[in-house]
Amino acid sequence: IYYKYGEFFDVEFQRVDSYGFRTVYLNIMPFRLGGKKFRHETEYDYLCHLQAVVEILVKYNQLDNVMVQLTETTKKPRAGTSPLIAVPLRLDLTPEQVDKILG
């Protein structure tokens, strides 16, 4: 993320229900390390969060998929817009994996 954007942006998983299907995205959020709205209190907390995200991506064999999308996207997270702009990276999961993750 830092290599792509030059900033430490937050990430979060998001469930999307569309046309009877459930999918999961990894969103790169426009909240920067050290910013007012950044939800992690310390750099260490942020790094632990990133480690957990990477472990989930590895568990479901999605790390390469996310890295390719991150490299290819021309979108950039932007705050101060309505709505704010996150960069969605779609996870290529089976319906069974989505059910297991989301319950």
Side-chain angles (χ1 to χ4, degrees):
I1 294 171
Y2 183 81
Y3 181 75
K4 172 80 175 183
Y5 299 113
E7 301 197 53
F8 296 102
F9 287 115
D10 199 5
V11 295
E12 69 179 19
F13 290 104
Q14 180 183 16
R15 168 187 170 166
V16 175
D17 296 308
S18 180
Y19 301 108
F21 296 97
R22 293 192 306 173
T23 56
V24 179
Y25 286 81
L26 178 66
N27 287 334
I28 302 173
M29 305 301 292
F31 306 121
R32 297 169 178 86
L33 179 63
K36 290 181 187 178
K37 294 185 178 182
F38 200 68
R39 65 182 167 165
H40 308 286
E41 292 184 23
T42 66
E43 182 177 353
Y44 178 76
D45 292 338
Y46 171 66
L47 293 174
C48 287
H49 174 70
L50 287 183
Q51 179 64 38
V53 168
V54 168
E55 288 175 10
I56 291 167
L57 294 174
V58 167
K59 178 178 181 176
Y60 291 98
N61 198 29
Q62 294 298 302
L63 187 58
D64 289 340
N65 175 37
V66 166
M67 294 302 292
V68 167
Q69 291 181 72
L70 182 59
T71 301
E72 293 177 351
T73 188
T74 58
K75 296 178 182 178
K76 182 175 181 178
R78 286 187 284 154
T81 60
S82 182
L84 63 85
I85 296 175
V87 177
L89 306 173
R90 187 175 187 272
L91 303 186
D92 186 22
L93 300 168
T94 67
E96 293 79 19
Q97 289 173 319
V98 172
D99 288 343
K100 187 173 182 179
I101 293 169
L102 300 177

[X] with [Y], same ILVMFWY side-chain cluster at under 4.5 Å:
X   : Y   : answer
V87 : V68 : no
Y5  : L47 : yes
Y2  : I28 : yes
Y46 : L70 : yes
V58 : V24 : yes

Report, as yes or no, whether the 6.0 Å neighbourhood of atom [atom1] on [X] holds more than 12 heavy atoms from other residues, nucleotides or ligands.
X   : atom1 : value
E43 : CD    : no
N61 : CG    : no
R22 : CZ    : yes
D64 : CG    : no

Step by step, would you call L84 with M29 a side-chain contact (heavy atoms from CB on, under 4.5 Å)? CA-CA 9 Å; L84 63 85; M29 305 301 292; 4.1 Å; yes

Spacing of [X] atom [atom1] and [Y] atom [atom2] [to the nearest 0.5 Å]:
X   : Y    : atom1 : atom2 : answer
N65 : L89  : CG    : CG    : 8.5 Å
K59 : K100 : NZ    : NZ    : 5.0 Å
L50 : F9   : CG    : CZ    : 13.0 Å
Q14 : N27  : CD    : CG    : 4.5 Å

When you measure from the side chain of [X] to the backbone N and O of [Y], does any donor-acceptor pair fall under 3.5 Å?
X   : Y   : result
Y60 : D92 : no
K75 : A86 : no
Q69 : R90 : yes

Under the criterion side-chain contact (heavy atoms from CB on, under 4.5 Å), I'd like the reasoning laid out for T73 against K4: C-alpha separation, chi angles, the key distance, then a yes or no. CA-CA 10 Å; T73 188; K4 172 80 175 183; 4.1 Å; yes

For the student: nearest non-hydrogen atoms of D17 and R15, plus distance: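 So the two residues come closest at OD2-NE, 3.1 Å.
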
Compare every heavy atom of T42 with every heavy atom of D45, then report the nearest pair and how far apart it is.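 D45 and T42 have their closest heavy atoms at N-OG1, 3.0 Å.
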
Please tabulate, for side-chain N and O atoms in residues 30-39, each donor-acceptor pair with protein atoms closer than 3.5 Å (sequence neighbours left out).
unit_1 : atom_1 : unit_2 : atom_2 : d
R32    : NE     : E7     : OE1    : 2.3
R32    : NE     : E7     : OE2    : 3.1
R39    : NE     : D10    : OD2    : 2.6
R39    : NH2    : V11    : O      : 2.9
R39    : NH2    : H49    : NE2    : 3.3

Report yes if some heavy atom in the side chain of V98 is under 4.5 Å from a heavy atom in the side chain of I101; otherwise report no.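 Counting from C-beta outward, V98 and I101 never come under 4.5 Å.
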
